[in-house]
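Notes to accompany the following structure.
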Protein chains: 2
Amino acid sequence: MSKLVFESTIRGGEDVSVLKIQREMAEVFADLADLFGNPASLGSIYGLLFASPEPLSMEEIVERLDISTGTASQGLRRLVEMQAILPQKEDGDRVTRYGAKLELRPFVAMFLNQQLLPRLEHSSSRIAELQSRLADLTPPTRRVLETRLERASKWHHRAKTFLPLIRRFLG
Amino acid sequence: MSKLVFESTIRGGEDVSVLKIQREMAEVFADLADLFGNPASLGSIYGLLFASPEPLSMEEIVERLDISTGTASQGLRRLVEMQAILPQKEDGDRVTRYGAKLELRPFVAMFLNQQLLPRLEHSSSRIAELQSRLADLTPPTRRVLETRLERASKWHHRAKTFLPLIRRFLG
DNA sequence: AATTCATTTCATTTTGAATTGAAAAACATC
DNA sequence: GATGTTTTTCAATTCAAAATGAAATGAATT
């Protein structure tokens, strides 16, 4: 029995159960990434690093997740950009290793600032532009659309004032 | 000049500027739908109805948005399901006509209840399951993963307690 | 400066979600 | 119940986004 534990525990300096957990965390984060409109591979990589006590090299990531070097390279780049992971090159080290930052903030900020806000701004201004064109319309239609566009405009305003709140709460 | 206004105003009982505005509202809502992981066509349809004083038949929707009957049929079904639009069949009427409901709530509720919550629940429980497996691990690794999974678990908890707040604020 | 290994780039391929459209079904009308 | 019309269904297609992997680049080492 202790033999069994031993066998299932050590494998190339790594614990087999840890590898399983890491792969599952990769899946969990892949789902979450997808939920927020990001490629699942981004999530996988982050999840793996999140569940890895030591930082990992790209090669290790590639083999543990069974993804291509291209996907890994681009995914790592984006994660570094969004400050979700930290690249670290020890002095005598040939490779760069990546460690997960453990805060939510990068993700929340990324989602709010890069996805939500710009698109809300955009549709906001399109609606405003449409409102300025209502004057041309015949009265009965005009009145209906005035109230409706006004309503849509208020939604946007509310949503935008709500964003900082989310950031403060989750970030 | 009044001739110009007249010409650009009446066309088959409909105002040409209204059609343009409707098409643009369809685009605006298509973007928003996409943002929340829904097919853009859903948004288009809703946007058109939102900007239409009178309810529209499927046929009218198909031709104004230039989409297929299949897309229209399925999109209408989903919008009715999520209570974003209202089907109405007048007594002497051959076709069903659809009118937009003007509240945000259906969308917010749909997104929160059908997309966010279930997936948060799912990853939550996967993480909980992983936590129960940590006991097998060798101590140093175990301690690290304990704190990290605990952290991920707290994120989920926070996010879940946050949802009702969003609903109340936007819904 | 030549070699080796890590990383990036990017043209191609894969994948999967959304859309199409034709056929079937449902529905209304005579 | 036969006819004409609207709506649904679903196999096939389309298409954009993601993934691949081989070649180019870059960096360290001898």
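In what follows, chains are A, B, ... by sequence order, proteins preceding strands, each numbered from 1. All of these numbers come straight from a predicted model, not from anything done at the bench.
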On the 0 to 90° scale, with breaks at 30° and 60°, tag the B/Phe29-A/Trp155 ring pair as parallel, tilted or perpendicular.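 If you compare the ring of B/Phe29 with that of A/Trp155, the planes turn out perpendicular.
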
Expressed in angstrom and rounded to an integer, what is the separation of [X] atom [atom1] from [N] atom [atom2]?
X	N	atom1	atom2	value
B/Leu65	C/dT19	CG	C1'	14 Å
A/Asp93	D/dT29	CG	P	10 Å
B/Gln115	C/dA17	CD	P	13 Å
B/Arg77	C/dA25	CZ	C1'	13 Å
A/Leu76	C/dA6	CG	C1'	12 Å
B/Leu79	D/dT8	CG	P	13 Å
B/Glu59	C/dC27	CD	P	19 Å

Value for CZ (A/Arg158) from OG (A/Ser153), rounded to nearest 0.5 Å, stands at 12.0 Å

Calculate, to the nearest 0.5 Å, the distance between atoms CD and CZ belonging to B/Glu59 and B/Arg97 respectively. 9.5 Å

Ranking D/dT7, C/dT7, D/dT9 by distance to the side chain of B/Met58, first place goes to D/dT7

Letter per nucleotide, 5' to 3', of nucleotides 14-27 of chain D [B base touched, S only sugar-phosphate touched, - untouched; heavy atoms, 4.0 Å]: ----SSBBB----B

For the helix from C/dA1-D/dT30 to C/dC30-D/dG1, figure out the bend between the end axes, five pairs an end, and round to 10 degrees.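 About 20° separates the two local helix axes.
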
Contacts of type side-chain hydrogen bond (donor to acceptor under 3.5 Å, both in side chains), residue A/Lys160, not counting sequence neighbours: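 Per chain and number, A/Lys160 pairs via side-chain hydrogen bond (donor to acceptor under 3.5 Å, both in side chains) with A/Glu121, A/Ser124.
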
Can you name the nearest heavy-atom pair linking [X] to [Y], along with the distance?
X	Y	result
B/Gln115	B/Asn38	NE2-ND2, 4.2 Å
A/Arg64	A/Leu56	NH2-CD2, 3.8 Å
A/Met82	A/Pro106	O-CB, 3.2 Å
B/Ser57	B/Val95	CB-CG2, 3.8 Å

Between B/Phe36 and B/Phe107, is the ring centre distance below 6.0 Å? no

